[in-house]
Amino acid sequence: MASKEPLTNRSPLVIPCSYLTTEGNKTGSWRFLRPQYEEKTSPCSAACPSGEDIARIQMLTAQGSFKEAWETILVENPFPGVCGRVCYHPCELQCNRREFDEPVAIHTIERFLADTASRYELKFGLDKLAAKKQKIAVIGSGPSGLAAAYFLALLGYESDVFEALAEPGGVLRWGIPLYRLPPHILNEEVSRLQDFGVRIHCDKPVSQNFLKEAKKSYDAIFLGCGHSQSLPLSIPGEGLPGVEDGFHFLNKIRRGDIPTLEGTVAVIGGGNTAIDAARSAARLGAKVMVIYRRRQQDMRAFAEEVEMALEEGIEIRELETPVEIASQKGDLLVTLQKMRVAQEDLQGKARIKPLGRKREKIRVQHLFIAVGNTAAEDWYDLPSKTRGVTKLNNCVLEHRSREPVLVYGGDLAASIKSVVHAVASGKEAAMALDVLFKEGPKAMESRLKSCLVGEGPSLSMEIYLGGPRAKRNHSIVSYESLNTDYFRFAPAISRPRLLREERLQSFAEINLKIGGSLAIREAERCFNCGLCNQCDNCQLFCPEIAVIRDDNPQGRHINYDYCKGCGLCVVECPRNAMVLEEERL
Amino acid sequence: MQLDSPDREYMCPGHVGCPGCGAAIAMRFVLKALGEKTIMIIPACCWSIIAGPYPQSTLKIPVLHMAFETGGAVASGVRAAQDVKGDSETTVVTWAGDGGTFDIGFQALSGAVERNENFIYFCYDNEAYMNTGVQRSSSTPYGAWTTTTPGQQWKRLRKKNIVEALVAHRITYAATASIAYPEDLIRKVTKAKSLTGARFIHIFSSCPTGWGLPSEMSVKIARMAVQTNIFPLYEVEEGLRYTINLTPKGYLVNEYFRLQGRFKHLSETDLTHIQEMVDEDWNLLLRKAGSVPEIF
């Protein structure tokens with residue numbers, strides 16, 4: 001008997017039907033381990049002497065937020081354009097990606113961000129803290145002095161920078177060759193600092209008397225006068241015509257007084273000045289040899305610079321030291337003593353001794369001495385007393401009652417003589433002075449210790465100012481703690497450079513710009529160790545649907561009503577930005 | 001990893017799956033791809049419990065809890081009823097464990113596939129009868145401890161290759177998927193949903209409780225199963241066209257086995273033997289997919 005009624009109406013379901021969800025079961029009570037979001041410190045940022053937040057800079061770059069990335073550099077370092085060119089990038093040595101394929105080209109990205117900011121004339125939006133009553137005099141407008149003035153301005157202090165020469169920049173302007181740092185880059189960075197309120201007085205050399213005078217108008221004096229006095233070789237014939245100081249030679253070129261060099265040039269020394277002088281001489285047409293008393297691997301010059309020097313046809317003569325210079329028919333006859341490695345110290349650097357009386361004479365047309373620099377005046381020397389003196393990593397403070405605080409910074413006190421250490425020195429001084437003025441000398445060390453990046457010695461201004469970075473765990477992310485299943489092998493970008501032949505023809509900058517798409521691709525290679533980049537794995541894989549997206553800066557939170565503490569999110573977090581801890585009852 | 005899939009969840013929190021349950025993750029992904037117009041048949045399995053005791057349900061779609069052996073048959077019936085009602089829009093799916101698929105429900109599944117019933121059969125595979133206390137099934141792999149293969153009596157028989165058994169039926173679509181590869185999983189479910197006829201998706205779903213595995217390693221171990229070729233990701237259309245979705249770089253099986261308590265009794269010799277079996281299976285698959293295996 002067929003019916004035309006729909007089937008559903010005729011036979012009502014008699015099976016029981018659920019009418020509640022399971023949301024009433026608070027399965028969070030099962031939990032004995034608690035997953036939490038916790039950002040940690042990336043190894044690169046701890047290796048950066050100026051403590052830049054590199055993992056975050058890469059993350060912002062990968063997202064195309066170039067301005068924010070650039071500003072993230074500026075919180076810790078006022079010179080991204082300079083450091084993106086001349087820094088020896090110890091960060092890349094510690095990059096966790098090194099264990100996977102190749103380190104991220106952090107240095108190149110820093111320069112890219114500075115170039116982008118310059119191209120689009122970006123203005124940075126950092127706010128100064130409330131104005132303070134203390135005033136500071138900064139002597140020397142090199143990287144340490146300018147950094148000190150910049151960070152002091154950020155902390156609300158007025159300062160006056162006194163520069164002996166006609167233009168600001170110190171070693172950045174007079175010591176670093178044009179092919180490493182074109183002057184317009186320096187000018188731009190300096191004028192940004194001036195716009196920020198840093199007052200620079202050029203042609204104002206400062207004498208020791210100033211220290212007494214300054215008492216009236218300044219509460220502290222930062223000495224960032226640098227090491228501009230070359231050390232002599234102290235051998236016969238040093239004063240002969242044709243023998244010149246390497247640093248002086250570099251100064252001359254930067255002033256536009258460009259000599260022509262013919263024949264063979266010998267450069268004595270193994271530091272950056274020696275290599276810079278050698279490469280500059282090669283650009284002026286000379287055949288150049290660098291004579292160094294130790295081995296190439298012991299040179300103080302940055303390895304990358306030494307390699308490029310070799311590429312440019314410069315010969316490096318190792319384990320030889322000049323003992324006498326004589327003049328012969330207009331040429332210089334240099335007597336070289338052969339040296340031998342007597343032993344190696346803990347860092348693997350050679351200790352040398354003369355190799356018997358084995359000597360060789362070479363004939364050259366010019367000789368540049370670049371065996372090191374020291375302070376030009378003896379009142380720049382660090383105080384020998386210990387009372388009222390605080391030694392920090394990259395600066396020394398002398399604070400006595402009723403006297404302005406005297407801070408020795410830059411090359412005078414830095415642990416390593418480099419531009420980025422000079423910046424670190426200026427920053428450390430600014431932070432130390434702020435603590436000193438507010439809380440007194442006793443608070444200085446402990447307060448600075450709380451601002452270390454990881455285990456230190458780098459300091460972070462953002463941590464000092466209590467920014468989001470202050471919440472980060474100081475433990476450094478190891479390669480093993482990352483979940484590398486989420487990363488693909490990808491070689492680093494090749495850094496574009498002038499060809500060897502092009503380099504030798506002029507003082508044009510060697511490293512070339514990279515474009516935005518390459519920069520993004522490279523920044524995407526970064527593991528962002530310890531940082532959440534909103535990859536959403538924790539939310540995606542949660543079996544309990546207990547990770548809820550929201551609009552707080554973390555972008556999500558864990559609903560502990562339901563989280564059973566399986567810990568899956570912590571393991572699937574590719575960058576170790578979460579932690580699993582025992583539940584506290 | 002961000003998925004380009006709807007944020008909508010068809011599962012509620014508060015379910016009673018064990019911490020780190022792979023089957024719960026599998027369900028979340030599958031429902032995201034299927035959407036709300038879905039009727040689900042669950043024969044006896046872990047999910048009979050996870051879905052909640054009456055009157056609760058953790059799923060936001062209609063679910064029919066059924067007897068162990070009926071996964072294929074009930075789905076055929078529900079599909080027929082939907083057709084009578086003129087509802088061709090709703091997807092009928094069966095969600096069964098490995099016991100209800102490989103063993104007890106195999107007859108009903110085989111029948112339904114032979115009739116080319118228009119439904120999707122999902123098997124979330126945790127490689128034993130986990131819900132009833134870790135008894136071995138024909139999906140339990142060679143070498144595994146279970147409560148019915150204890151001590152030195154560990155299972156010395158191979159895991160049944162269920163996908164190949166269904167491919168022998170010339171099934172419309174059969175695929176393997178893993179909770180560690182959500183993009184691949186969701187793509188396969190979406191693809192299956194767009195086809196008509198019998199479809200089968202075999203999802204590797206790790207079980208921390210039954211495998212002696214720390215709960216946080218649940219997804220990691222599923223990924224390792226794929227990377228070691230123990231559980232290759234592939235799909236077969238019309239029982240003929242094979243596509244291998246991921247060719248791993250050839251990791252060795254050791255690490256996968258060493259992480260799980262159920263394999264801790266295995267010696268190096270056993271592992272070498274297992275490596276040979278895995279290589280043999282992989283080469284067989286490569287041949288079926290038309291690639292020339294590297295060995296042989």
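A, B, ... follow the sequence lines: proteins, then strands. Residue 1 opens every chain.
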Nearest atoms (heavy-atom pairs only) where A:Cys566 meets B:Ser215 =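 Scanning both residues completely, I find the closest heavy atoms to be O-OG, 2.8 Å.
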Contact part of A:Cys569 toward chain B, heavy-atom cut-off under 4.5 Å: side chain, backbone, both or neither?
->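 When you check distances to chain B, no heavy atom of A:Cys569 falls under 4.5 Å.
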Any side-chain heavy-atom pair of [X] and [Y] under 4.5 Å:
| X | Y | value |
| --- | --- | --- |
| B:Gln56 | A:Ser18 | no |
| B:Pro13 | A:Asn559 | no |
| A:Asp485 | B:Gln227 | yes |
| B:Ile25 | A:Leu568 | yes |

Look only at the side chain of B:His15 and the backbone of A:Pro543, and say whether a donor-acceptor pair between them is shorter than 3.5 Å.
-> yes
Heavy-atom donor-acceptor pair, A:Lys564 side chain to B:Gly17 backbone, under 3.5 Å |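 Here the side-chain-to-backbone pair exists.
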[atom1]/[X] to [atom2]/[Y] distance, rounded to the nearest 0.5 angstrom?
| X | Y | atom1 | atom2 | result |
| --- | --- | --- | --- | --- |
| A:Ile545 | B:Tyr10 | CD1 | OH | 12.5 Å |
| B:Cys18 | A:Trp30 | SG | CH2 | 6.5 Å |
| A:Leu540 | B:Glu183 | CG | CD | 8.5 Å |

Near [X] [atom1], under 6.0 Å, is it more than 12 heavy atoms from other residues, nucleotides or ligands?
| X | atom1 | result |
| --- | --- | --- |
| A:Lys26 | NZ | yes |
| B:Glu255 | CD | no |
| B:Arg187 | CZ | yes |
| A:Tyr120 | OH | no |
| A:Glu455 | CD | no |
| A:Arg56 | CZ | no |

Apply the test side chain to side chain contact (heavy atoms under 4.5 Å, CB included) to residues B:Glu216 and A:Leu33: give CA-CA distance (whole Å), side-chain angles for both, the deciding distance (0.1 Å), then the verdict.
-> CA-CA 11 Å; B:Glu216 69 270 21; A:Leu33 292 174; 5.7 Å; no
Interface moiety of [X] toward chain A, non-hydrogen atoms closer than 4.5 Å:
| X | result |
| --- | --- |
| B:Val16 | both |
| B:Ala51 | backbone |
| B:Ile179 | backbone |

Verify whether one side chain among B:Thr58 and A:Thr22 offers a donor that lies under 3.5 Å from an acceptor in the other.
-> yes
With chain A, which of B:Pro214, B:Ser57, B:Ala26 has the greatest number of heavy-atom pairs at distances under 4.5 Å?
->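 Heavy-atom pairs under 4.5 Å are most numerous for B:Ser57.
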Could you tell me whether A:Glu544 and B:Arg28 make a salt bridge, using a distance below 4.0 angstrom between a side-chain N and a carboxylate O?
->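 No, no charged N to carboxylate O under 4.0 Å.
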Answer key: most heavy-atom pairs under 4.5 Å with chain B among A:Thr21, A:Asn483, A:Asp561 is A:Thr21
